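Below is one structure, written out as structure tokens, with a few remarks after it.
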Protein chains: 2
Amino acid sequence: MVAPSEHSIDTKNRILDAAERLFADKGFDATSLRMITTAAEVNLAAVNYHFQSKETLLQAVYARRSAPVNAKRLELLTQFESSGEPLEVEQILDALIRPLFEIGESRECVPRLMVRLLYLDAHEASRNVFQQQFHQVLIRFQGALRKSLPHLSEKEITARMQFSIGSLAHTMAASRNLQAMPAGGQMKEALPWVLRQLIHYIAAGLRAPALEESACTF
Amino acid sequence: MVAPSEHSIDTKNRILDAAERLFADKGFDATSLRMITTAAEVNLAAVNYHFQSKETLLQAVYARRSAPVNAKRLELLTQFESSGEPLEVEQILDALIRPLFEIGESRECVPRLMVRLLYLDAHEASRNVFQQQFHQVLIRFQGALRKSLPHLSEKEITARMQFSIGSLAHTMAASRNLQAMPAGGQMKEALPWVLRQLIHYIAAGLRAPALEESACTF
DNA sequence: AATTGAATCAAACGTATGTTTGAATCATAC
DNA sequence: GTATGATTCAAACATACGTTTGATTCAATT
């Protein structure tokens, strides 16, 4: 029995880094293992040796980012809620979005990647796993939104959350020039212009009066 | 010289129908020509005979729907504008969305397909062509929105339109059970619940006050 | 009925992909 | 220093794909 060498974890990380960038830029199907191993400067067979298949590599690429991001989201939300009062919608959205830009320093492709894997690229089996994890986070955020938007029925809150995720995902996937947070700096006011606009837009949509009469609580 | 037979245009339409549904359901890369020709009950070589390549077939699939949909959008908007006054935002959105459901009777996959080809699936070359066509329509709609939202700067209108397209696209692509319009019926109130919710949500986001102070016109 | 070009068909081609193999290399434990 | 198992490597494998071929069938013109 021999412990894994340090070289091997270097190789694994180089593969993960290269795959992360290529998956985010070109998509899963359009990225071949040969492109990944060339960019990572490792042998072709290394992918199937360290990860078992291309699909499993995708899951590893996702797993490396999703757990920290989602943990940070819940942590931020809980911290904001500590005052006890219902939060401003903008604050809830901030807790949802900001962690995407704090993870993996100077890797601006991470937000694009997460969107691709959650909604666009991944094949059905993997995507379901990814979405299931994210769904747990959304349920938690829905609880916060419910307190801030008491005029809405549960059905309407769910729908509007999906609409919001849509505009968020579209913005992440489309605009290639979303800057990451300044490294190590404090967080306040560091989100780029387009994301502040987005949060303002989404908050207004969420706050809109209920459309269904039956949804009014009085 | 011999005129094209009727059989051949039957074959072409069967290919287009099968490709449309498969592209919408599974995506472009995940759909092979063999899947298409099997579903269409035509010979494999028929695709390369009638269309030149898989990529060209995709363009034909898109072209068959995009021109009528976009024409109907512009026609509806112009008709709504005939009164001369600025439109309600909801009416502008209705003119943008409704035509997607009136085209190709009983083919509920068309809205999903259009979203996929505009933003998700198509390879860069084709997608740019598709988006360029749609962009012309968006410019026209932006003009209508500008009149209805005089408190916003041009930059903010553009950004909010992109956010709106995002939630629209996400809703189209995700919810597989958006019902088409009742065939031949009059249009009023025929949009499904989720789309009425979506229009209400988007309208509120568009109407939100300007975020930039410099954007105020007074 | 003969002719002509369009349309269909089964079969094959060339290529790119994910994956596997088996030998060579490296680092570690004894 | 040698043995051992983890890691690398060049090469090959199997497969699925888009595309092409060449013969055959079909329908329309004469």
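Every chain is numbered from 1 and lettered A, B, ... according to where its sequence line falls, protein lines coming before strand lines. Every value quoted in this text rests on a predicted model; they were computed, and no experiment measured them.
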(message) Heavy atoms only, 4.0 Å cut-off, all strands: where does B/Thr31 land among base, sugar-phosphate and nothing?
(response)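 Since only primed, P, OP1 and OP2 atoms lie under 4.0 Å of B/Thr31, the category is sugar-phosphate.
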
Q) With a non-hydrogen cut-off below 4.0 angstrom, is B/Ala46 in contact with a base, only sugar-phosphate, or nothing? A)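 It contacts nothing in the nucleic acid.
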
Length of the line joining [X]:[atom1] and [N]:[atom2], which is rounded to integer Å:
X	N	atom1	atom2	answer
B/Ile9	C/dA6	CD1	C1'	14 Å
B/Asp10	C/dT8	CG	P	9 Å
A/Leu33	D/dT8	CG	P	16 Å
A/Glu41	D/dT7	CD	P	20 Å

* Asked: Tell me, do B/Met35 and B/Lys26 make a side-chain contact under 4.5 Å, heavy atoms counted?
  ->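 Result yes, sub-4.5 Å side-chain heavy-atom pair found.
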
>> Check this one for me: any side-chain N or O of A/His50 less than 4.0 Å away from OP1 or OP2 of D/dT8?
In response: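 True: A/His50 side-chain N/O within range (under 4.0 Å) of D/dT8 OP1/OP2.
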
Checklist entry - Under 4.0 Å: is that the gap between some side-chain N or O of A/Thr11 and OP1 or OP2 of D/dT7? => result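 So the side-chain polar atoms of A/Thr11 never come under 4.0 Å of the phosphate oxygens OP1 or OP2 of D/dT7.
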
Can you name the nearest heavy-atom pair linking A/Pro99 to A/Val69, along with the distance?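 Closest heavy-atom pair between A/Pro99 and A/Val69: CB-O, 3.8 Å.
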
* To do: Identify the heavy atoms of A/Arg140 and A/Leu74 that sit nearest to each other, and give their distance.
  =>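 Nearest heavy atoms, A/Arg140 then A/Leu74: CG-CD2, 3.5 Å.
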
**Asked** Taking for each residue the nucleotide of DNA chain D bearing the nearest heavy atom, is the 5' side occupied by A/Val42 or by B/Asn48?
**Response**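 Comparing both residues, the 5'-ward one is A/Val42.
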
Closest-nucleotide ordering on DNA chain D, the 5'-leading residue of A/Asn43 and A/Arg34
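By nearest-heavy-atom nucleotide position, the 5'-most residue is A/Asn43.
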
Q.
The test is side-chain hydrogen bond (donor to acceptor under 3.5 Å, both in side chains); show your working for B/Thr158 and B/Gln142 and say whether it passes.
A. CA-CA 8 Å; B/Thr158 302; B/Gln142 181 154 349; 3.0 Å; yes

